[in-house]
Amino acid sequence: MMNREFSLQLLHDMLLVRRSEEAIARHYPQQQMRCPVHLSIGQEAAAVGICAALTHQDQAVSTHRSHAHYLAKGGDLDALIAELHGKATGCCGGRGGSMHLSDRRVGFLASTAIVGNSIPVGVGMALSQQLKRSQAVTCVFLGDGAVEEGVFYEAANFAAVRRLPVLFACENNRYSVYAGLEKRQPAGRKLTALAEGIGLRAWEVDGNDVEAVAELTADVVASLRDGAGPAFIEMPTYRWLEHCGHADDDHLGYRPEGELAAWQARDPLMAMLARIQPDAAWLAATESVLAQRIDAAFQRALAAPYPSPASAFDGIYASPLQEND
Amino acid sequence: MMNREFSLQLLHDMLLVRRSEEAIARHYPQQQMRCPVHLSIGQEAAAVGICAALTHQDQAVSTHRSHAHYLAKGGDLDALIAELHGKATGCCGGRGGSMHLSDRRVGFLASTAIVGNSIPVGVGMALSQQLKRSQAVTCVFLGDGAVEEGVFYEAANFAAVRRLPVLFACENNRYSVYAGLEKRQPAGRKLTALAEGIGLRAWEVDGNDVEAVAELTADVVASLRDGAGPAFIEMPTYRWLEHCGHADDDHLGYRPEGELAAWQARDPLMAMLARIQPDAAWLAATESVLAQRIDAAFQRALAAPYPSPASAFDGIYASPLQEND
Amino acid sequence: MARIHAAQAIHDALHLAMAADPGVVCYGLGIDDPKRIFGTTAGLQEAFGAERVFDMPTAENAMTGIGIGAALGGMRPVMCHQRLDFFLLAMDQLVNNAAKWRYTFGEGHKVPLTLRLILGRGWGQGPTHSQNLQAWFAHVPGLKVVMPASAADAKGLLLSAIFDDDPVVFLEHRWIHAAIGEVPDGDVRVPIGKAATVREGDALTIVAMSYLVAEAHHACRALEQAGVYCELIDLRTIKPLDMATIRASVARTGRLLVLDSGFATGSVAGEIIARIAMDDWSLLRAAPQRLAAPDCPEPTSYGLTRQFYTEAGDIVRAAGKMLGLSQLPLEALPPARTHHDVPGDWFTGPF
Amino acid sequence: MARIHAAQAIHDALHLAMAADPGVVCYGLGIDDPKRIFGTTAGLQEAFGAERVFDMPTAENAMTGIGIGAALGGMRPVMCHQRLDFFLLAMDQLVNNAAKWRYTFGEGHKVPLTLRLILGRGWGQGPTHSQNLQAWFAHVPGLKVVMPASAADAKGLLLSAIFDDDPVVFLEHRWIHAAIGEVPDGDVRVPIGKAATVREGDALTIVAMSYLVAEAHHACRALEQAGVYCELIDLRTIKPLDMATIRASVARTGRLLVLDSGFATGSVAGEIIARIAMDDWSLLRAAPQRLAAPDCPEPTSYGLTRQFYTEAGDIVRAAGKMLGLSQLPLEALPPARTHHDVPGDWFTGPF
Ligand SMILES: Cc1ncc(C[n+]2csc(CCOP(=O)(O)OP(=O)(O)O)c2C)c(N)n1
Ligand SMILES: Cc1ncc(C[n+]2csc(CCOP(=O)(O)OP(=O)(O)O)c2C)c(N)n1
Ligand SMILES: [Mg+2]
Ligand SMILES: [Mg+2]
């Protein structure tokens with residue numbers, strides 16, 4: 001059993017992610033966020049449960065679908081929303097947009113738009129942690145699609161050879177864009193069995209049960225800090241909205257009839273609410289504070305300036321090139 | 001139990017490979033074969049046992065260490081030796097050299113010098129076989145090092161998804177150049193378990209026992225022709241000479257003292273000789289015919305012309321570029 | 001003849017090719033999904049079956065090698081990537097295998113593989129969804145590279161690519177999908193290796209590729225208002241370069257401006273300029289020039305991307321400078337789009 | 001100062017860097033094996049331990065990403081590949097990540113990663129062990145690219161690369177390993193971005209890189225016998241190009257010949273020629289020229305490879321043509337090696 005304060009924190013963080021993503025979806029059609037967005041509504045428990053076991057010293061890398069990871073890792077809501085707007089106040093000064101988030105203050109190293117390509121970077125970060133005898137670990141968020149990239153396999157192999165403190169946190173939402181698992185992976189293959197075959201320690205946990213994820217992850221991260229070697233956690237979960245964009249796309253028929261509804265019936269947020277039955281006043285206050293924070297974030301983002309066009313070519317290099325023209 | 005004629009054929013083919021490789025090693029210091037060579041002495045049973053189950057309609061792809069595979073697949077000894085000499089009569093007209101062999105007459109599609117990069121090509125060939133409803137299969141030879149490349153994993157995954165008629169024939173000689181498995185792969189990880197994790201059917205068989213390899217492969221290939229889906233055969237074996245070149249390099253000390261000797265005591269050729277006890281006259285005749293064939297191949301290769309320098313830029317394209325200069 | 005847009009033309013080419021040759025197989029992420037790769041593969045799986053038209057795992061490198069193997073097995077695979085940037089994972093297969101095997105292994109090893117790589121632009125595509133790496137592909141012996149600018153060429157070059165016996169990189173700019181034009185019916189091919197002179201003139205030779213041809217047309221029209229007639233050459237094929245056409249034009253104009261959608265340093269534009277400088281020195285009456293993308297990763301922000309694309313105004317300015325025009329006919333250009341980061345006001349994101 | 005060869009100089013640079021900064025880690029296939037990457041990593045693991053100096057799985061793409069991650073974690077990784085060709089597997093990590101993160105993510109994201117890529121040549125290296133793809137790397141914003149020609153530069157540029165805060169591609173020609181020269185002791189760095197004028201002259205500017213500088217020296221010496229003094233510029237850095245040095249030389253000579261070990265089309269030589277043609281048109285008194293590798297995969301056969309490499313004689317001939325020499329001082333060149341495919345008669349294969 002978890003202590004109640006911690007449970008409330010998990011609930012709070014899931015609400016933060018859900019309400020933020022809902023607000024992004026609501027505002028997106030206004031075309032002020034002029035970049036592709038991949039929302040995590042339905043998948044909040046995985047992000048929040050995993051990050052609950054991590055500190056700011058711990059590092060995370062993520063994917064195209066990273067808003068939830070960033071917020072759960074302690075990211076700055078204002079900086080996120082501003083980044084989606086391409087504004088100078090964004091966490092990457094607008095250069096990254098939704099698919100390239102980063103905030104070293106909270107150990108959110110990078111998210112990237114090339115499927116799988118942040119995975120080895122996370123493993124390399126774990127290598128540096130090991131070399132420095134740090135207690136910190138690195139969490140690599142990945143999807144069930146990213147597992148298909150050879151770079152996952154190569155990186156996992158190396159992590160196992162060197163027993164690196166790295167956690168592969170896999171949100172298996174069964175889809176890569178519109179393609180179901182059966183088009184992409186052998187029938188009946190378990191991701192945990194695959195991970196074990198490669199040499200990782202592996203667990204599966206209900207990706208819609210934030211407490212279960214948090215509990216398991218706490219244990220696994222502790223074992224990582226003890227040098228037990230890399231671990232893989234598979235979290236079955238489900239994306240509610242379209243792959244990229246703000247809308248519901250269930251009418252397109254790429255998912256079996258009723259599949260979405262069945263997963264919505266297992267809404268991770270409602271499940272947690274039902275389970276811990278928070279005080280109504282707490283809930284109302286939390287919702288209202290979140291609504292205000294989110295509202296304010298959008299207002300600030302809209303009001304913020306774009307980065308100066310004059311700065312467009314700055315900072316390509318850390319040690320500037322001296323083109324001797 | 002195998003029929004004796006077949007066993008003698010296996011023995012013959014192993015002798016062909018062994019004597020050819022020995023001759024290459026002997027001649028190499030004369031610097032007439034001006035390309036890197038990777039010899040298979042000690043690993044003949046794997047090549048011969050696998051290929052014994054394949055027909056010329058079946059296809060094979062291979063690696064930098066492919067002489068044995070080429071010969072076992074029915075390749076032309078003269079064309080091999082000429083290719084190593086860079087001569088016009090080589091199986092690739094001298095353009096490929098030892099590391100790039102090919103002979104479509106015998107279903108030897110290609111061997112390449114980039115570790116792992118012939119693997120997906122073999123899988124693609126198997127895809128074409130499946131699409132054409134052919135009964136033919138494709139054999140992908142690979143080493144224990146190549147298994148580390150992500151492309152193996154990606155290709156195996158696709159083969160499993162589409163149930164392609166492809167056999168991954170893995171010679172696990174425990175080394176990648178000078179690096180033992182323990183530097184490169186997780187301790188205690190079985191390649192068969194890895195392959196199964198990915199979704200392949202997998203077997204291990206003594207790579208120094210040609211009959212065992214041939215028997216298992218015959219069954220596995222039959223199952224491939226029946227559409228049972230891709231298979232992986234791990235064959236523990238051992239390379240006797242240096243990774244690249246003609247010499248013994250055991251003095252370098254990168255392999256544990258006595259390891260080579262122990263494997264040499266399990267010489268696949270001697271084991272087969274001991275097991276089937278061929279008639280002495282047969283053996284003497286076979287050796288002498290082989291010696292003559294090999295000798296003749298070297299003489300012909302030496303006598304053959306280099307490809308004409310004027311042809312150096314021919315055939316880059318199948319439909320020639322018309323540079324409109 | 002029909003007036004259709006390039007996405008439809010590509011679609012038509014795929015249907016024609018698959019119907020004509022049972023060896024043609026098409027695959028790529030999303031090929032059979034509801035969006036059908038911007039509509040270009042609509043109906044393909046329905047018409048030709050799931051064996052010949054299929055989605056794939058996210059595994060670009062192996063899937064390219066698989067295309068090579070299938071090609072050697074007698075197929076004509078057409079692989080599609082929704083962004084060129086994803087294909088960086090497959091350089092080993094492309095360069096070490098596809099490009100080299102015909103040469104290394106001989107006649108039995110033709111690799112009739114077509115790679116449709118879509119080039120992103122605008123709407124926050126950012127650093128890894130917007131790269132135009134035609135210069136890389138052009139550097140590799142054994143590859144052919146085409147970049148259509150019009151609907152007709154999209155169809156005709158794709159057909160040529162598919163039926164060519166060598167690997168062809170078909171670089172398909174996202175913004176030409178909407179280009180409308182007359183497209184011949186049936187299997188009408190545009191030869192690989194031939195540029196097209198799409199406007200005639202004697203003041204200046206402008207060489208462009210892909211979407212930049214559209215911008216160049218605007219610029220040329222505006223310059224004509226000022227009495228300056230530029231010759232506009234649509235490269236169409238990047239490798240091999242049709243230097244004969246460029247040379248003949250420079251012989252008339254004495255002036256060369258090359259537009260390139262890739263990073264400036266090491267661009268195809270630079271190669272063309274170098275070749276003219278080396279081989280046709282005496283034809284030039286002034287220093288040749290290029291307009292290319294800046295040597296900078298492309299940022300995502302709407303506020304930063306305007307400078308990353310060559311537009312008609314930039315071309316007019318460059319031409320004006322080369323020709324010493326005192327007045328630039330900028331007002332003769334069509335009105336700017338409301339937003340620089342979309343092909344037209346009809347575009348509402350996300351891609 | 002010591003007279004050592006470049007392989008030793010590289011070795012010394014690695015030892016110095018690892019001793020100076022505990023963040024430097026070195027890895028790559030064979031780094032701790034009996035051959036020690038052509039001797040360049042001898043003693044490294046013994047001196048600095050197996051944690052900082054390690055072999056790796058054959059997994060070029062992930063291992064590059066791991067280098068990026070370690071660099072972000074405060075390390076200065078030096079990764080080595082025995083052939084550039086293997087590194088084609090890692091283009092995604094190099095181009096989409098290493099090159100772009102400083103720009104995309106800001107100051108916290110410097111990637112001090114050094115990539116030693118060894119360029120093969122001769123002795124049957126064949127199509128996939130001989131590629132010189134400097135033009136590719138130079139095309140990518142965010143990368144720096146160096147190509148030493150001498151022992152001193154091999155050391156000095158490698159030190160600069162390791163301590164540079166950006167990803168640096170260090171292209172190490174197999175044939176310069178044997179180049180002997182005076183090398184300063186200690187941590188003496190050669191700045192990235194500065195070419196060296198290694199011979200002065202007024203007849204012709206010859207720009208070369210890496211091993212071609214040696215061939216160019218021979219050619220220049222022979223031409224001097226004929227009273228023709230060429231200026232020879234050793235580029236040293238490929239990105240950024242030191243155009244100022246080239247320009248100043250062309251201003252004196254009016255003639256430019258660029259040598260490149262890469263495929264001709266899209267070569268760095270072409271870029272240099274294009275820049276001079278665009279920006280310094282009036283300095284040129286004749287058409288600039290280049291000598292580069294043919295646009296053809298390199299075959300393996302001894303009988304075919306001679307034409308794949310630019311040699312001193314080719315340079316003399318090209319210079320003679322540009323200068324209108326009626327007699328070429330070919331007899332003033334050093335005697336040819338017995339075999340064109342080895343750096344010297346002492347070389348006995350296999351690599
Ligand atoms: C290398 C590469 N290939 C393809 C894509 C296109 N793409 C973007 S997101 C995505 C789906 C990945 O699926 P998964 O890893 O399961 O993540 P999810 O979207 O389900 O969160 C794909 C294929 C890409 N961005 N990069
Ligand atoms: C992509 C790539 N990386 C590295 C190399 C260098 N290399 C050549 S052979 C080899 C060893 C491969 O080991 P394995 O697959 O076990 O084959 P074996 O030599 O044992 O037969 C390596 C690493 C290469 N050729 N290609
Ligand atoms: Mg998914
Ligand atoms: Mg091995």
Side-chain angles (χ1 to χ4, degrees), chain A residues 28-29 31-38 83-88 90 92-100 112-117 143 145-151 176-180 183-185 242-246 249 251-254 305-309 311-314 316 321 323, chain C residues 27-37 50 54-63 65 82-83 85-90 92 120 122-131 265 294-308 338-342 345 347-351:
Chain A
Y28 195 66
Q31 305 195 36
Q32 299 299 313
M33 292 173 273
R34 297 176 84 84
C35 61
V37 292
H38 302 79
E83 188 63 31
L84 305 192
H85 284 78
K87 295 303 179 73
C92 302
R95 287 181 174 183
S98 165
M99 300 196 293
H100 309 86
T112 65
I114 301 289
V115 169
N117 89 342
V147 165
E148 293 150 19
E149 291 284 1
V151 76
S176 172
V177 193
Y178 301 101
K183 286 189 182 177
R184 308 180 277 117
Q185 296 184 24
E242 59 186 338
H243 166 70
C244 178
H246 69 286
D249 70 351
H251 60 280
L252 293 179
Y254 65 97
Y306 283 118
S308 149
S311 72
F313 306 135
D314 294 347
I316 305 172
L321 272 201
E323 283 264 2
Chain C
Y27 65 99
L29 293 174
I31 204 159
D32 60 352
D33 78 15
K35 296 261 174 82
R36 301 292 170 116
I37 309 190
F54 54 89
D55 204 326
M56 64 176 218
T58 314
E60 286 76 5
N61 193 33
M63 293 311 302
Q82 303 213 12
R83 286 295 176 278
D85 315 71
F86 309 159
F87 193 63
L88 285 174
L89 285 158
D92 173 52
W123 194 274
Q125 297 292 289
T128 59
H129 278 55
S130 62
Q131 291 169 91
T265 295
D295 286 313
C296 182
E298 187 170 319
T300 305
S301 171
Y302 177 79
L304 289 175
T305 43
R306 193 179 290 266
Q307 301 165 79
F308 282 77
T338 318
H339 295 291
H340 71 276
D341 66 338
V342 292
D345 291 343
F347 190 93
T348 59
F351 274 109

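Numbers restart at 1 for each chain; the letters A, B, ... are given by sequence-line order, proteins then strands. Side chains are part of it too, since the values below use all heavy atoms of this structure and drop only hydrogens, waters and symmetry mates.
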* **Listed partners of Ser176(A) passing side chain to side chain contact (heavy atoms under 4.5 Å, CB included), at least two apart** => Arg184(A), Thr58(C)
* What heavy-atom pair brings Ala113(A) and Thr128(C) nearest, and what distance separates the two atoms? -> CB-OG1, 3.5 Å
* Test log, rule side-chain contact (heavy atoms from CB on, under 4.5 Å), inputs Val342(C) and Arg34(A) -> CA-CA 10 Å; Val342(C) 292; Arg34(A) 297 176 84 84; 3.7 Å; yes
* **Closest-packed option against chain C by number of heavy-atom pairs under 4.5 Å, given Ala312(A), Pro36(A), Pro29(A)** => Pro36(A)
* CZ of Phe54(C) to NZ of Lys183(A): how many Å apart, nearest 0.5 Å? -> 12.0 Å
* **Most contacts with chain C, counted as non-hydrogen pairs under 4.5 angstrom, among Pro307(A), Gly145(A), Ser311(A)** => Pro307(A)
* Straight-line distance of Glu148(A) CD to Met63(C) CE, nearest 0.5 Å -> 10.5 Å
* To do: Specify the closest pair of heavy atoms between Ile316(A) and Asp295(C), including all atoms of both residues, with the distance to one decimal.
  => CD1-O, 3.4 Å
* Asked: Taking every heavy-atom pair that is under 4.5 Å apart, which of Ala50(C), Pro127(C), Ala62(C), Gly122(C) has the most such pairs with chain A?
  -> Pro127(C)
* To do: Could you tell me which portion of Leu29(C) (side chain, backbone, both or neither) has an atom closer than 4.5 angstrom to a non-hydrogen atom of chain A?
  => neither
* To do: Sequence neighbours left out, what passes side chain to side chain contact (heavy atoms under 4.5 Å, CB included) with Asp249(A)? Give chain and number order.
  => Tyr178(A), Glu242(A), His251(A), Leu252(A), Tyr254(A), Arg255(A)
* With a 4.5 angstrom heavy-atom cut-off, which part of Ser98(A) approaches chain C: side chain, backbone, both or neither? -> neither
* Structure fact -> Assert top hit (heavy-atom pairs under 4.5 Å, partner chain C, pool Ile114(A), Thr112(A), Leu84(A)) equals Ile114(A)
* Which atoms of Phe308(C) approach chain A - backbone, side chain, both or neither, heavy atom under 4.5 Å -> side chain
* Asked: Taking all non-hydrogen atoms of both residues, which atom of Ser301(C) and which atom of Tyr306(A) are closest, and how far apart?
  -> OG-CD2, 3.6 Å
* Quick one: what part of His246(A) sits under 4.5 Å from any heavy atom of chain C, side chain, backbone, both or neither? -> neither
* Structure fact -> From the list His129(C), Met56(C), Arg83(C), the residue making the most non-hydrogen contacts under 4.5 Å with chain A is His129(C)
* Nearest heavy-atom pair of Thr300(C) and Gly96(A): which atoms, and what distance? -> OG1-O, 2.8 Å
* Heavy-atom closest contact (Met33(A) atom, Trp123(C) atom, distance) -> O-CZ2, 4.0 Å
* Asked: Roughly how far, to the nearest 0.5 Å, is CD of Glu149(A) from CG of Asn61(C)?
  -> 9.0 Å
* Among Arg306(C), Gln125(C), Glu60(C), single out the residue with the greatest number of heavy-atom pairs under 4.5 Å to chain A. => Glu60(C)
* To do: Flag the one option from Thr348(C), Asp55(C), Asp85(C) with the top tally of heavy-atom pairs under 4.5 Å to chain A.
  => Thr348(C)
